[in-house]
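Step one of this worksheet: look at the structure below.
Just so it is clear, the structure is predicted and the values come from calculations on it, not from any experiment. What you see below is based on every heavy atom in this structure, not just the backbone, and it leaves out hydrogens, waters and symmetry mates. Just so you know, ligand 1 is whichever comes first in the structure, and atom 1 is the first atom listed for that ligand.
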Amino acid sequence: MRDLKVAVIGAGPGGLVTALCLHRLGIECHVFEAAHQIRPLGVGLNLLPHAIRELTILGLDAKLAAAGVATAELAYHNKFGVPIWCEPRGLAAGYSWPQYSIHRGSFQMLLLEEAIARCGADHVHVGHPLQSFTQDTDGVVAHFAGQPDHRTDVLIAADGIHSVVRRHYYPHEAQPAYSGRVLWRGTTEAPPFLSGRSMIMAGYADRKFVAYPIREAAPENGRALINWVGDVYVGGDVPMVRDWNRRTDVATVLHHFQDWHFPWLDVPSLIQNAGDIYEYPLVDRDPVPHWAFDRVALLGDAAHPMYPVGSNGASQAILDAAAVSAALAQHSDPVAALKAYEDERLEKTAKIVLSNRQQGPEIVMQMVEDRAPNGFEKLHDVISQAELEEVASRYKAIAGFDRDRLNAKS
Ligand SMILES: Cc1cc2nc3c(=O)[nH]c(=O)nc-3n(C[C@H](O)[C@H](O)[C@H](O)COP(=O)(O)OP(=O)(O)OC[C@H]3O[C@@H](n4cnc5c(N)ncnc54)[C@H](O)[C@@H]3O)c2cc1C
């Protein structure tokens, strides 16, 4: 074991994967989470093949396969449910690793169990909200509300979009920028649609519906658990609470999708039969010039909160976790290690943040809406195959999951 101690702030996906990566490389790590109890919060998220590669290295492949659904295709449709683009994903697309759709809560609990089992229960501390910290040339002292201080060699801040550590270094940064668009998120037990492992998007930038299964059809009733997101522009002046757990009701969402009865998916019925529905504004932050500040570094949503376009939020946090851990294992000087981590990851993720503001690969839905708002007879009269392919492959290259390059890493 390397004689280096790391404190990770936040037990979300980013913080917990960092703890597991550090443990694998023989670096001692303590995780500090503000919540008194870690509960399976959130709804669905997607993990792309490059992130699954890192989780496979951690030996989590079988558990992920049991907890999630291996997504087989991604399909875009117009607002009438007519196909625009469909591509295979994960193993079906020839990647060496699958893509998983999974409940964020199940994923977080899976990581938590592993972190406790591998790092030790006495290394995962709940009820520890970081308030402030100080650092000198020898280390960092973390100060928690109502808990003793903790001295460590390195502090990794994985404390999410409202990061205390980021605020320390960027005290004048405004609230996360609100796009005028709201995400209503829910899950519904319903029959599987299309391939049974399809992730679909329908509509266009200002009114979009996303759905994908996060649990396969149960043999007893044939119903899968479908995660869905209604993404609607409601205007820039509405003050929006930036709380992942804020609830809303069916009526708020339903009238935006009232007529979306597709032959292969009944959107109104999915919304009406949902469990809890959550409201979250579509927000991100401008990329910052630095994440590494001597012995302190930002990671995951604390470093690069982005629109959840192209399934990248959690996946990029996992790539950060692998990168920072590898850098700490390689460099004897922790300051140089964190700088190397920043050099490897900051520019790449900044490009994704900015590309997601331009709708990432989903822009083809807007192109079709602009050119054929009343629908179309033949897709290729509206958009060429070459345009569709160009958009898809450009985004994969930006987000780092170009298949051949990724497979070459195995
Ligand atoms: C409750 C919740 C629900 C979410 N639901 C979804 C969802 O349904 N779909 C989706 O795509 N994304 C969701 N996200 C965001 C998603 O988890 C992230 O975009 C992505 O996984 C990157 O994770 P992260 O670990 O960097 O950040 P997060 O997942 O935000 O985790 C940050 C962690 O840090 C903790 N924390 C915050 N401040 C402090 C502090 N001062 N001291 C100690 N700990 C602190 C938080 O409690 C949290 O556990 C949710 C996030 C949260 C917090």
Heteroatom distance test (Glu33, ligand 1): nitrogen or oxygen, under 3.5 angstrom: yes

Passing candidate, side chain to side chain donor-acceptor pair (under 3.5 Å) with Arg197, options Gln99, Glu73, Glu216: Glu216

Nitrogen or oxygen atoms of Ala34 and ligand 1 under 3.5 Å apart: yes

Atom indices of ligand 1 within 4.0 angstrom of Gly42 heavy atoms, with elements: 3 (C), 5 (N), 8 (O)

Within the 6.0 Å centroid threshold, strictly below: Trp260 and His77: no

Identity and distance of the protein heavy atom lying nearest atom 23 (O) of ligand 1: Pro13 CD, 3.8 Å

For atom 37 (C) of ligand 1, the protein heavy atom that lies nearest, with its residue and separation: Asp159 O, 3.3 Å

Nearest-contact summary for atom 12 (N) of ligand 1 - protein heavy atom, Å: Trp244 CH2, 3.6 Å

Aromatic ring pairing Trp244/Tyr280, orientation class (parallel under 30°, perpendicular over 60°, tilted between): parallel

Region of Phe32 that comes within reach of ligand 1 [heavy atoms, distance under 4.0 Å]: backbone

Element-labelled atoms of ligand 1 that are located less than 4.0 Å from some non-hydrogen atom of Gly12: 25 (O), 31 (O), 33 (C), 49 (O)

Within-cut-off N or O pair, Gly14 and ligand 1, under 3.5 Å: yes

Min heavy-atom dist Ala158 to ligand 1 below 4.0 Å: yes

Leu299 N/O to ligand 1 N/O under 3.5 Å: no

Validation row: Ile363, Met367 side chains within 4.5 angstrom (heavy atoms): yes

Option set Arg104, Arg39, His125, criterion heavy-atom distance to atom 50 (C) of ligand 1, minimum: Arg104

Greater than 12 external heavy atoms within 6.0 Å of Arg151's CZ: yes

Pair Asp276 + Arg247, salt bridge at N-O below 4.0 Å: yes

Trp264/Phe262 aromatic ring centres below 6.0 Å: yes

Whether Phe144 and His128 hold their rings parallel, tilted or perpendicular, with breakpoints at 30° and 60°: perpendicular

Ser163 heavy atom under 4.0 Å from ligand 1: no

Non-hydrogen atom of His128 closer than 4.0 Å to ligand 1: yes

Numbered atoms of ligand 1 (with element) below 4.0 Å of Leu41, judged on heavy atoms: 1 (C)

Atoms of ligand 1, numbered as shown, that sit under 4.0 Å from any heavy atom of Pro129: 42 (N)

Centroid separation Tyr169 to His290 less than 6.0 Å: no

Point-to-point distance, once rounded to the nearest 0.5 Å, from CD of Gln366 to CG of Asp370: 4.5 Å

Separation of Glu369 CD from Met365 CE (nearest 0.5 Å): 9.5 Å

For Val164, atoms of ligand 1 separated by under 4.0 Å from a heavy atom: 41 (N)

Rounded distance (nearest 0.5 Å) linking atom OH of Tyr100 with atom CG of Leu64: 6.0 Å

Identity and separation of the nearest protein heavy atom to atom 22 (C) of ligand 1: Asp301 OD1, 3.6 Å

Contact partition for Leu130 relative to ligand 1, non-hydrogen atoms under 4.0 Å: both

Minimum-distance protein heavy atom relative to atom 9 (N) of ligand 1: Gly44 O, 3.2 Å

Parallel, tilted or perpendicular: ring planes of Phe133 versus His168, cut at 30 and 60 degrees: tilted

Nearest option to atom 27 (O) of ligand 1, as decided by whichever heavy atom of Gly160, Ala157, Ala142, Ala145 sits closest: Gly160

For Arg185, the ligand 1 atoms whose distance to one of its heavy atoms is below 4.0 Å: 5 (N), 6 (C), 7 (C), 8 (O), 9 (N)

N/O separation below 3.5 Å, Val43 to ligand 1: yes

Residue from His143, His123, His125 passing ring pair (Phe, Tyr, Trp, His ring centres under 6.0 Å) with Phe32: His125

Per-atom contacts, ligand 1 versus Gly300 - under 4.0 Å to a heavy atom: 26 (O)

Trp291/His304 aromatic ring centres below 6.0 Å: yes

Check: Ile161 N/O within less than 3.5 Å of ligand 1 N/O: no

Arg405 CZ: over 12 foreign heavy atoms closer than 6.0 Å: no

Enumerated ligand 1 atoms positioned under 4.0 Å from heavy atoms of Gly10: 33 (C), 34 (O), 35 (C), 44 (N)

Part of Ile9 with heavy atoms under 4.0 Å of ligand 1, whether side chain, backbone, both or neither: side chain

